[in-house]
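Working notes for the structure below.
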Amino acid sequence: MKPAKTVYVCQECGGQQPKWVGRCPDCDAWNTLVEEQPAPQSAPVAANHRYSLVSGGASAKLYSEIQTSDAPRIPSGVGEFDRVLGGGIVPGALVLLGGEPGIGKSTLLLQVAAHVARTVGPVLYSSGEESEHQIKLRGERLGVDRSPLYLLAETCLERILEEIERLKPSLVVVDSIQTIFSARFQSAPGSIGQVREVATHLLFAAKGRNVPIVLVGHITKDGNLAGPKALEHVVDTVLYFEGERHHAHRVVRTFKNRFGAASELGVFEMTGSGLREIPNPSQLFLAERSIGKPGSAVLCCIEGSRPILVEVQALVTSSTFGNARRMASGIDQQRLSLLLAVMEKRAGLNLLGDDVYVNVAGGMTVDEPAADLGVVAAVASSVQNRAVGTNTAVFGEVGLGGEIRAIMQASLRLREAARMGFERCIVPLANADIPRSERPANCEIVGVRTVDEALQALLQ
Ligand code: TYD
Ligand code: MG
């Protein structure tokens, strides 16, 4: 008998090579090839069978005859989690929740599982990482009481599928896709072949039985989900759990969502009894704001469909070394360099011999152009040692000519600023002309055309 052939599979992109090589020819990643057994011979037959499960029938259906109203979303009991999912859990959806170890993935999903079990029906929480006893200990901390919540400490895919078949749950949680293996497939758990195989089987289980399945995914050193490309294409929704170890608050971000807006944001706080949702993040991010001090500006950014006010801080000091340092955290370093160059050339500020440090308070990351004016305001305020007017918020994109460009969704940002008690907003001139009906009361809107004008309006 011929010995079974092995292939070498890139753990980054899933590309297969007949021989081991140091660099994947498909994606150019180094040292990512791992020896794996190819899928069993019967795979095409199995695949055909699976396809029929996704559609639930072989024949095509007429668009107008397809019912959508009979599958309402399931509320997860955690408002911020519903928000990132686009308004609740969609039956039959396969959701992937990725995040660093210890960030709170298992905690959040146990809370959600307990709520759904209590309100809708049986839930299966299967974990390949913790024993039932450990999960229950955590549950006690979270105040999970008697509810039809089934715990399963299992790493074998086929066993999990059997339990799904037996219990007919209304929600399934699979804690860490990287620990699950399929007995039909001989590669090690966590290898890209297994991860893809397991995810595909769970996808068909979700679609076939119309049960939502949430997968937990580990993140690799460089911040990607293990087997990133392979997984993100398979699932309906990809969520990332982010947060800094030194801050109590956590952020869940939507990266992809077939059932709602992408780049939606949910904010949580880790407490002694689980994750608590924060429905008003602006308040959290502005809580420790240094009012009336130079080097601080408040800007209004949009995360998904939600406006959030954040504080940008800047510190400009004379450099003791030959070449000045520029450090940015929470905003793009390149963007900071560009804005500093514009300020030098167009607003006459001399920053050549200065170190510039810029930080977005509270560990937030802002990556939209509307943040430009906030950064410029904070830096100029620090250079000139003059505070930005109290109760003043800013937003606007800065062009290379020093002009302030219009940004999207200005009225949403203005309303959020007014709601948080800001009485003055410095905005691009093109955005200042807002219909009276959309104009928030008690908030003065100042339109500016150039960086110079903006700084004059901002600095006291
Ligand atoms: P966990 O959900 O186990 O993280 P993950 O599954 O993403 O690896 O969260 C573990 C961390 O959360 C751990 O450091 C302890 C902390 N924690 C609390 O602060 N309060 C709680 O009620 C719970 C359950 C955990
Ligand atoms: Mg965990």
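All of these numbers come straight from a predicted model, not from anything done at the bench. Numbering of ligands and ligand atoms starts at 1, following listing order. The analysis underlying the following values was restricted to heavy atoms, covering all of them including side chains, and did not include hydrogens, waters or symmetry mates.
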(message) Please classify the P101 to ligand 1 contact at 4.0 Å (heavy-atom distances, strictly less than): side chain, backbone, both or neither.
(response)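 Within the 4.0 Å criterion, P101 contacts ligand 1 through backbone atoms alone.
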(message) Side chain, backbone, both or neither: which applies to L108 and ligand 1 if a contact is any heavy-atom pair less than 4.0 Å apart?
(response)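 Looking at L108 and ligand 1, no heavy atom falls under 4.0 Å.
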Residue pair [X] / [Y], side-chain donor-acceptor N/O under 3.5 Å:
{"X": "R325", "Y": "S319", "answer": "no"}
{"X": "E36", "Y": "S191", "answer": "yes"}
{"X": "E154", "Y": "S126", "answer": "no"}

With heavy-atom distances below 4.5 Å as the criterion, would you say the side chains of [X] and [Y] are in contact?
{"X": "E303", "Y": "E368", "value": "no"}
{"X": "V358", "Y": "I331", "value": "yes"}
{"X": "S305", "Y": "E264", "value": "yes"}
{"X": "Y240", "Y": "V238", "value": "yes"}

(request) Around the Mg ion (ligand 2), list the protein N/O/S atoms within a radius below 2.8 Å, excluding water molecules. (result)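 Near the Mg ion (ligand 2), below 2.8 Å, one finds S106 OG.
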(request) Flag G104 as yes when one of its N or O atoms lies below 3.5 Å from any N or O atom of ligand 1, and as no otherwise. (result)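 Among all N and O atoms of G104, at least one is under 3.5 Å from an N or O of ligand 1.
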(message) For ligand 1, which is the ligand I care about here, please tell me if L142 has any N or O atom under 3.5 Å from one of the ligand's N or O atoms.
(response)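 No, there is no polar N/O contact under 3.5 Å.
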Which protein heavy atom lies closest to [atom], and at what distance to 0.1 Å?
{"atom": "atom 2 (O) of ligand 1", "answer": "T107 OG1, 2.6 Å"}
{"atom": "atom 12 (O) of ligand 1", "answer": "M270 CE, 3.1 Å"}
{"atom": "atom 22 (O) of ligand 1", "answer": "G274 N, 2.7 Å"}
{"atom": "atom 8 (O) of ligand 1", "answer": "G102 N, 2.7 Å"}
{"atom": "atom 6 (O) of ligand 1", "answer": "S106 OG, 2.5 Å"}

(request) State whether any protein heavy atom lies less than 4.0 Å from atom 15 (C) of ligand 1. (result)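 No; the ligand atom in question lacks any protein heavy-atom contact below 4.0 Å.
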(message) Once side-chain hydrogen bond (donor to acceptor under 3.5 Å, both in side chains) is applied, do any residues pair with T179, and if so which ones, sequence neighbours excluded?
(response)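 With sequence neighbours excluded, T179 shows a side-chain hydrogen bond (donor to acceptor under 3.5 Å, both in side chains) to S176, given in chain and number order.
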(request) Name all residues meeting the side-chain hydrogen bond (donor to acceptor under 3.5 Å, both in side chains) criterion together with E162; count only those two or more places apart in sequence or in a different chain, and write none if there are none. (result)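 Checked E162 against side-chain hydrogen bond (donor to acceptor under 3.5 Å, both in side chains); matches are R159.
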Near [X], which atoms of ligand 1 are under 4.0 Å from a heavy atom of that residue?
{"X": "T271", "answer": "18 (C), 19 (O), 20 (N), 21 (C), 22 (O)"}
{"X": "R141", "answer": "17 (N), 18 (C), 19 (O), 20 (N), 21 (C), 22 (O), 23 (C)"}
{"X": "R138", "answer": "1 (P), 2 (O), 3 (O), 24 (C)"}
{"X": "S273", "answer": "22 (O)"}

(message) With a cutoff of 4.0 Å, is L109 in contact with ligand 1, counting heavy atoms of the residue only?
(response)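 No heavy atom of L109 comes that close to ligand 1.
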(request) Run the numbers on D372 and R405 for salt bridge (Lys or Arg N to Asp or Glu O under 4.0 Å), then give the verdict. (result) CA-CA 10 Å; D372 289 354; R405 294 168 166 263; over 6 Å; no
Contacts under 3.5 angstrom, residues 77-87 side chains, donor-acceptor by atom type, not counting sequence neighbours:
from: E80; atom 1: OE1; to: V267; atom 2: N; distance (Å): 2.7
from: E80; atom 1: OE1; to: R306; atom 2: NH1; distance (Å): 3.3
from: E80; atom 1: OE1; to: R306; atom 2: NH2; distance (Å): 3.1
from: E80; atom 1: OE2; to: R306; atom 2: NH2; distance (Å): 2.9
from: D82; atom 1: OD1; to: S76; atom 2: N; distance (Å): 3.0
from: D82; atom 1: OD1; to: S76; atom 2: OG; distance (Å): 2.7

(request) Evaluate whether atom CD of Q17 has more than 12 neighbouring non-hydrogen atoms of other residues, nucleotides or ligands under 6.0 angstrom away. (result)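 More than 12 within 6.0 Å, yes.
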(request) Report the C-alpha distance between R209 and K168 in whole Å, list the side-chain angles of each, state the deciding distance to 0.1 Å, and finish with yes or no for side chain to side chain contact (heavy atoms under 4.5 Å, CB included). (result) CA-CA 8 Å; R209 292 174 184 74; K168 307 212 167 18; over 6 Å; no
